[in-house]
Participant: 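Mind having a look at this structure? Questions to follow.
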Number of protein chains: 2
Amino acid sequence: MATGRTHRPATRSRGIPEATVARLPLYLRALTALSERSVPTVSSEELAAAAGVNSAKLRKDFSYLGSYGTRGVGYDVEYLVYQISRELGLTQDWPVVIVGIGNLGAALANYGGFASRGFRVAALIDADPAMAGKPVAGIPVQHTDELEKIIDENGVSIGVIATPAGAAQQVCDRLVAAGVTSILNFAPTVLTVPDGVDVRKVDLSIELQILAFHEQRKAGEEAEAQAGAAASAAQENNGKGPDGDVPAVMPA
Amino acid sequence: MATGRTHRPATRSRGIPEATVARLPLYLRALTALSERSVPTVSSEELAAAAGVNSAKLRKDFSYLGSYGTRGVGYDVEYLVYQISRELGLTQDWPVVIVGIGNLGAALANYGGFASRGFRVAALIDADPAMAGKPVAGIPVQHTDELEKIIDENGVSIGVIATPAGAAQQVCDRLVAAGVTSILNFAPTVLTVPDGVDVRKVDLSIELQILAFHEQRKAGEEAEAQAGAAASAAQENNGKGPDGDVPAVMPA
DNA sequence: CCGTCTTTGTGCACGCGTTCACAAAGACAT
DNA sequence: ATGTCTTTGTGAACGCGTGCACAAAGACGG
C-alpha cells in the first residue's frame with residue numbers, strides 16, 4: 001500500500017490479516033443496515049450475501065476477532081457492530097484534514113460518509129490565498145501556511161490529499177513532518193513516505209483503465225466467438241463496440 | 001470485484017494476471033512522464049522506482065506482455081507506452097456516462113484525468129428534473145429518462161455511478177439492461193450484477209476506516225512500548241490517541 | 001573478434017488468502 | 001434428558017502473487 005517499503009510482514013504477527021481488515025467496513029455497513037431494521041441476529045450466510053462475499057470467508061474473518069457467534073443461531077447484530085467498530089478504531093474520534101479544495105476536495109468535504117463513522121473534518125486547507133476564509137461545506141478554508149499549526153492543535157493523524165499531482169508530494173512531506181501518519185491520496189502520483197506512515201490511494205483514472213482492459217478483453221472474446229473458426233477478413237461491428245479494432249490474439 | 005460470482009478463474013488462461021493489470025496504468029503514467037521529458041530508454045530499476053514497485057515484479061509484469069526490453073540497455077520508452085496503451089485498450093475511444101451529478105458527480109465530470117486517456121464523457125445523467133439542461137463541465141445534464149437512449153446511441157459500455165446509495169442498485173440495473181458491461185461505483189453499496197459485468201468500487205469511507213485501523217494499531221503499539229512490561233492498570237493517554245482504549249490482546 | 005559489463009527474463013520457493021468440508025457446539029422440540 | 005437440526009469455527013489443501021537469485025542476452029570497448 002505505502003510506497004517506500006517492501007519489507008515488514010504486512011500482516012502483523014498477533015494481528016488481523018490485511019485482507020480481512022479491508023472487508024470489516026463492508027460487514028459493518030451491512031450490519032448497521034440490519035441494526036436499523038432492528039434485526040436481532042444474522043447468520044453468516046445472510047450477512048455474507050448482504051456484504052457480497054463468501055460465507056466461509058466471512059466466518060474466517062470473524063474468527064480473527066474472536067468467537068462472537070452462537071452455533072445454530074448466528075451472530076448478534078448489535079454486539080458485532082460494536083466489536084467491529086472497536087476493532088476498526090471507530091469508537092474514537094478521528095480528526096481529518098483535507099488539503100486541496102478544488103472540485104474533488106469540495107466534494108469530499110460535502111461527503112456525508114465522513115462524519116458518519118467517527119471521522120470529523122477538522123480543517124480544509126488550500127494553497128490559493130483567494131480561497132482563504134471562504135466557507136466550503138460550512139467550514140472556512142484555511143491557507144497552507146497554517147498547515148502545521150492546524151495539525152498540531154487538532155491532533156490530526158489522518159490527512160486527505162486532493163491537490164493536483166504536482167503539489168501532492170510536497171504536501172505529503174509537510175503533513176508527515178507535522179505528525180500525520182496516515183494519508184489518503186487522491187492525486188494521481190506515487191507518494192514516497194517514511195516507514196511507519198500508511199498511504200492509501202484512490203485513483204479514478206487507474207480504475208477506469210482496469211475496466212477498459214476487461215472491456216476490451218470481453219469484446220475480443222465475443223468477436224472471436226462470433227467469427228468462430230472462419231478466419232474472415234471482413235471486420236464485424238456489433239452495436240456495442242464503437243470500434244472495429246479487434247485486438248490481436250496475443251502475438252506469441 | 002463484482003458481487004454475485006465467486007466462480008470463474010478470475011485470471012484468464014491466456015491472459016495477464018489481475019495484479020499485473022492493476023499495475024499497468026501505474027507504469028503507463030511513469031512512462032508518459034519520461035516520454036514528456038524525451039527520455040529514450042529506461043531500466044527496470046529506474047522505472048520501478050518511479051512507479052513505486054519492486055523491479056523484479058515490474059520485469060515479470062512486462063514479461064506477460066512479451067519481451068519488449070533490451071538486455072544491457074533497458075526498455076524503449078515510446079514503444080512501451082504504445083504496447084501498454086494497446087494492451088489496456090486505450091488506443092480506442094471509450095465513451096463514459098456519469099450518473100448522479102451531485103457534488104461528487106460534478107467533480108468527476110470536471111476531472112481532467114478522464115479525457116486524458118481515451119475516456120470521453122459522453123453524457124451526464126441525473127434524476128433531478130431541475131438539473132436537466134444545466135451545464136456541468138461544459139456538458140448539459142440529461143434526465144434519467146433518457147438513460148437507455150443515451151447508452152444506445154453512444155455505444156456506451158462503461159458507466160460511472162455517483163448517486164446516493166439508495167438509488168445505486170436501480171441505476172446499475174438500468175445501465176446493465178441498456179448494455180453497459182463495466183461499472184465504476186462510488187456509491188457506498190454492494191452492487192449485484194449478472195455474470196459478464198465488471199464492477200469496481202471506490203469507497204472513501206472504507207479507505208478511511210482501513211487507515212483508522214492501522215492508526216489505532218500504531219497508537220496501541222506505541223502505548224505498549226511506552227508502558228513497557230509494567231502491567232499498569234492506569235490507562236495511559238498519549239498526545240495523539242484521544243482515547244485510552246488499548247485493544248485487548250486477542251481474547252483467546 | 002573477443003572479453004567484460006550491464007540488464008533483462010525467468011525458474012523456484014515461500015507465504016498469504018481463499019475455499020472446501022466437517023466436526024464441535026449449541027438451540028429447540030419432544 | 002435425549003435426539004435432531006442448524007450454524008459456527010477451523011484444519012487442510014490449493015492457487016495466486018511476490019521476491020530472490022541467476023543464467024542468458026546483448027551492448028560496448030579494445
Side-chain angles (χ1 to χ4, degrees), chain A residues 1-24 26-27 39-49 51-77 79-80 83 210 252, chain B residues 1-3 5-24 26-27 39-77 79-80 83 210 250-252:
Chain A
M1 231 96 288
T3 305
R5 58 191 158 72
T6 337
H7 346 289
R8 198 222 284 188
T11 307
R12 272 284 316 299
S13 39
R14 179 189 303 160
I16 298 167
E18 189 59 30
T20 296
V21 172
R23 280 188 295 268
L24 289 182
L26 230 52
Y27 303 145
V39 177
T41 61
V42 66
S43 71
S44 65
E45 203 69 49
E46 292 168 322
L47 184 54
V53 302
N54 187 297
S55 72
K57 196 187 296 187
L58 179 141
R59 286 198 300 278
K60 181 145 289 189
D61 282 343
F62 285 174
S63 78
Y64 293 117
L65 308 183
S67 292
Y68 295 145
T70 306
R71 297 175 190 232
V73 176
Y75 299 92
D76 182 282
V77 172
Y79 187 57
L80 206 44
Q83 288 299 340
I210 295 172
Chain B
M1 230 96 287
T3 305
R5 56 187 160 73
T6 338
H7 347 290
R8 198 219 289 186
T11 307
R12 270 283 315 301
S13 42
R14 179 190 303 160
I16 299 167
E18 189 58 31
T20 296
V21 172
R23 280 188 295 269
L24 289 182
L26 233 52
Y27 302 146
V39 177
T41 61
V42 65
S43 71
S44 64
E45 203 69 50
E46 291 167 323
L47 185 54
V53 301
N54 185 299
S55 72
K57 197 187 297 187
L58 178 142
R59 287 198 300 276
K60 182 150 291 192
D61 283 342
F62 285 174
S63 78
Y64 292 116
L65 308 184
S67 290
Y68 295 146
T70 306
R71 296 174 190 231
V73 176
Y75 298 91
D76 182 281
V77 172
Y79 188 58
L80 206 45
Q83 289 299 340
I210 295 172
M250 185 118 293

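Remember, it's a predicted structure, so these values are computed and weren't measured experimentally. A note on names: the letters A, B, ... follow the listed sequences, proteins ahead of strands, and every chain is numbered from 1.
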Participant: Taking NZ from A:Lys57 and C1' from D:dG15, how many angstroms apart are they, rounded to a whole number?
Facilitator: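 For the pair A:Lys57 NZ and D:dG15 C1', the rounded distance is 13 Å.
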
Participant: Take atom CG of A:Leu24 and atom P of C:dG17, then tell me their distance rounded to the nearest Å.
Facilitator: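 My rounded result for the distance is 13 Å.
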
Participant: Could you check, using the six-membered ring where one of them is a Trp, whether A:Tyr68 and A:Phe62 have ring centers closer than 6.0 angstrom?
Facilitator: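 When the ring centroids of A:Tyr68 and A:Phe62 are compared, they turn out to be at least 6.0 Å apart.
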
Participant: Does the side chain of B:Leu24 reach to within under 4.5 Å of the side chain of B:Leu65, using non-hydrogen atoms?
Facilitator: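 With C-beta onward as the side chain, the pair touches.
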
Participant: I want to verify a distance call: between D:dT10, C:dG26, C:dT18, whose nearest atom is closest to the A:Arg23 side chain?
Facilitator: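 Nearest nucleotide to the side chain: C:dT18.
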
Participant: Starting at atom CG of B:Leu65, determine the distance to atom P of C:dT10, rounded to an integer number of angstrom.
Facilitator: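 About 12 Å, once rounded to whole Å.
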
Participant: Which one, C:dA27, D:dG17, C:dT19, comes nearest to the side chain of A:Val73?
Facilitator: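 The nucleotide sitting nearest to the side chain is C:dA27.
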
Participant: From C:dT8, D:dG17, D:dT18, pick the nucleotide closest to the side chain of B:Ser44?
Facilitator: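 The listed nucleotide nearest to B:Ser44's side chain is C:dT8.
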
Participant: Return the value, rounded to whole Å, for the distance between atom CG of B:Leu80 and atom C1' of C:dT8.
Facilitator: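 Atom-to-atom, B:Leu80 to C:dT8, this comes out as 13 Å.
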
Participant: Is a donor-acceptor contact shorter than 3.5 angstrom present between the side chain of A:Lys60 and the base of C:dT18?
Facilitator: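 For A:Lys60, whose side chain was compared with the base of C:dT18, there is no donor-acceptor pair (under 3.5 Å).
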
Participant: Let me know the distance between CD of A:Glu46 and P of D:dT7, rounded to the nearest Å.
Facilitator: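 These atoms are roughly 8 Å apart.
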
Participant: Return the nearest nucleotide to the side chain of B:Ala19; candidates are D:dA27, D:dG17, C:dG17.
Facilitator: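 Looking only at heavy atoms from C-beta outward on B:Ala19, the closest nucleotide is D:dG17.
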
Participant: What's the CD-P distance between A:Glu18 and C:dG17, to the nearest Å?
Facilitator: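 Checked: the CD to P distance equals 8 Å.
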
Participant: I need the CG-C1' distance between A:Leu47 and D:dT7, as an integer number of Å.
Facilitator: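 Spelled out: CG on A:Leu47 to C1' on D:dT7 is 14 Å.
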
Participant: Taking OP1 and OP2 of C:dC22, is either one under 4.0 Å from a side-chain nitrogen or oxygen of A:Arg59?
Facilitator: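 Checking A:Arg59 against C:dC22: no side-chain N or O falls below 4.0 Å of OP1 or OP2.
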
Participant: If I take atom CD1 from residue A:Ile16 and atom CZ from residue A:Arg23, how far apart are they, to the nearest 0.5 angstrom?
Facilitator: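 The CD1 atom of A:Ile16 sits 11.5 Å away from the CZ atom of A:Arg23.
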
Participant: Counting only side-chain N and O atoms of B:Tyr75, is one of them less than 4.0 Å from OP1 or OP2 of C:dG9?
Facilitator: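 So the side chain of B:Tyr75 is within the cut-off, an N or O lying under 4.0 Å from OP1 or OP2 of C:dG9.
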
Participant: Give the nucleotide from the list D:dG9, C:dT19, C:dG9 with an atom nearest to the side chain of B:Arg71.
Facilitator: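 When the side chain of B:Arg71 is considered, C:dG9 is the closest of D:dG9, C:dT19, C:dG9.
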
Participant: If you check every side-chain atom of B:Ser67, which of D:dA21, C:dA21, C:dG9 has the closest atom?
Facilitator: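 Nearest nucleotide to the side chain: C:dG9.
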
